Structures are given as C-alpha cells and as structure tokens.
Amino acid sequence: MSSPTRPTPDQGYGLDVPGAPRVCSIANALGVLGDRYSLLILREIRLGVRRFSDIRSNTGAPRDTLTNRLRDLENAGVIERRQYSERPPRDEYFLTAAGNAIGPVLGALREWGDQFAPPA
C-alpha cells in the first residue's frame with residue numbers, strides 16, 4: 001500500500017482519493033466565515049457597530065441566526081464579546097486580530113460587488 005503524497009500547489013489533500021473533496025485554506029476559511037450573515041456581522045463591527053440590536057438592524061439577520069453567528073464567530077476567535085451593562089446584561093462585540101485581518105477580504109468583496117453584482 002502506498003503512503004499519501006504531499007499535495008502540490010495545484011492539488012489539495014484528498015485528490016489522491018477518488019471522489020474526495022479538495023481540502024485547502026479556502027475551504028477552512030469558508031467553514032468559519034462562509035455565511036452571508038457572518039460576513040455582514042464582520043462588516044458592521046468593522047464599521048464600529050458593536051451592539052446586538054444595531055447589528056441586527058443593519059444586517060437584517062433574524063434574532064436566532066444573529067445569536068448563533070455571533071457565538072460561532074466568538075468561538076472561532078474572530079470576535080470577542082465584552083459586557084458593558086450588568087443590569088440588564090448587555091454585550092458589545094469587537095474584532096480580534098483574526099477579525100481585523102479579514103478587512104482586505106471584505107474590501108475586495110465590496111469592490112467585486114460594486115463591479116459585478118450591482119443592486120437590481
């Protein structure tokens with residue numbers, strides 16, 4: 001039985017197995033960020049919108065969806081939550097270093113959208 005070979009730049013792990021998906025950093029990133037609301041949440045926090053109700057209003061995300069995406073982004077280390085009120089308990093959201101690093105990607109998506117996906 002042969003051992004798996006290291007992937008070349010044009011291949012990813014899994015290509016030596018018929019029908020297996022290519023595993024790469026893009027796929028990994030999409031596992032964390034590959035959701036419409038996740039990217040819109042990051043856009044809002046990057047623009048200085050930090051509170052749940054404001055993020056919800058600006059993204060149009062349903063409450064449960066927003067709650068889940070914020071939790072997922074926090075668990076992935078992309079954002080952090082800080083309490084600003086104890087009674088009632090209220091939080092604000094901030095980008096971590098990983099969250100700040102997504103800035104150029106969001107800019108590129110905006111530019112692409114301006115050019116190739118104008119509003120209808």
Side-chain angles (χ1 to χ4, degrees):
M1 179 179 264
S2 66
S3 64
T5 59
R6 290 194 51 83
T8 63
D10 62 330
Q11 297 178 326
Y13 291 104
L15 289 182
D16 56 342
V17 178
R22 181 188 312 266
V23 179
C24 71
S25 297
I26 294 171
N28 296 344
L30 288 173
V32 175
L33 305 172
D35 170 90
R36 169 189 175 91
Y37 290 118
S38 295
L39 292 173
L40 294 178
I41 289 165
L42 294 176
R43 175 198 68 192
E44 290 304 310
I45 297 172
R46 187 167 172 76
L47 292 172
V49 178
R50 307 212 185 289
R51 296 185 179 178
F52 185 93
S53 60
D54 296 330
I55 295 169
R56 183 172 179 229
S57 175
N58 291 351
T59 62
R63 179 177 292 280
D64 290 345
T65 300
L66 180 57
T67 299
N68 291 333
R69 295 309 176 274
L70 287 167
R71 185 179 308 117
D72 292 346
L73 291 168
E74 184 179 13
N75 289 338
V78 178
I79 64 172
E80 64 182 12
R81 181 171 34 122
R82 298 179 198 157
Q83 189 174 53
Y84 70 88
S85 173
E86 289 186 23
R87 287 192 178 164
R90 303 265 188 224
D91 299 314
E92 290 182 316
Y93 298 91
F94 295 85
L95 297 175
T96 63
N100 278 315
I102 197 73
V105 175
L106 292 175
L109 281 170
R110 183 188 65 246
E111 289 175 17
W112 187 91
D114 289 346
Q115 185 172 359
F116 298 108

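Since the model is a prediction, treat every value here as computed from it, not as a measurement.
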Qualifying residues under ring pair (Phe, Tyr, Trp, His ring centres under 6.0 Å), relative to F116, sequence neighbours excluded: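 Applying ring pair (Phe, Tyr, Trp, His ring centres under 6.0 Å) to F116 gives W112.
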
Which pairs count as salt bridge (Lys or Arg N to Asp or Glu O under 4.0 Å) when at least one residue sits in [range], sequence neighbours excluded?
range	result
residues 40-66	R51-E92
residues 108-120	none
residues 94-107	none

With sequence neighbours excluded, what pairs up with [X] under the side-chain contact (heavy atoms from CB on, under 4.5 Å) test?
X	value
E86	Q83
P119	none
S25	none

Pairs touching residues 65-79 that satisfy side chain to side chain donor-acceptor pair (under 3.5 Å), sequence neighbours left out: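 Those involving residues 65-79 are D35-R69, N68-R71, E74-R81.
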
Quick one: hydrophobic cluster around [X], which other residues, with the 4.5 Å side-chain cut-off, linked directly or via members?
X	answer
L40	Y37
I26	L30
V32	L33, L39, I41, L42, I45, V49, F52, I55, L66, L70, L73, V78, I79, Y93, L95, I102, V105, L106, L109

Name all residues meeting the side-chain hydrogen bond (donor to acceptor under 3.5 Å, both in side chains) criterion together with R82; count only those two or more places apart in sequence or in a different chain, and write none if there are none.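 R82 satisfies side-chain hydrogen bond (donor to acceptor under 3.5 Å, both in side chains) with E80 once adjacent residues are dropped.
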
Please check this pair: side chain of T96 against backbone of G77, looking for a donor-acceptor N/O pair closer than 3.5 Å.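 The answer is yes, because a donor-acceptor pair under 3.5 Å joins these two groups.
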
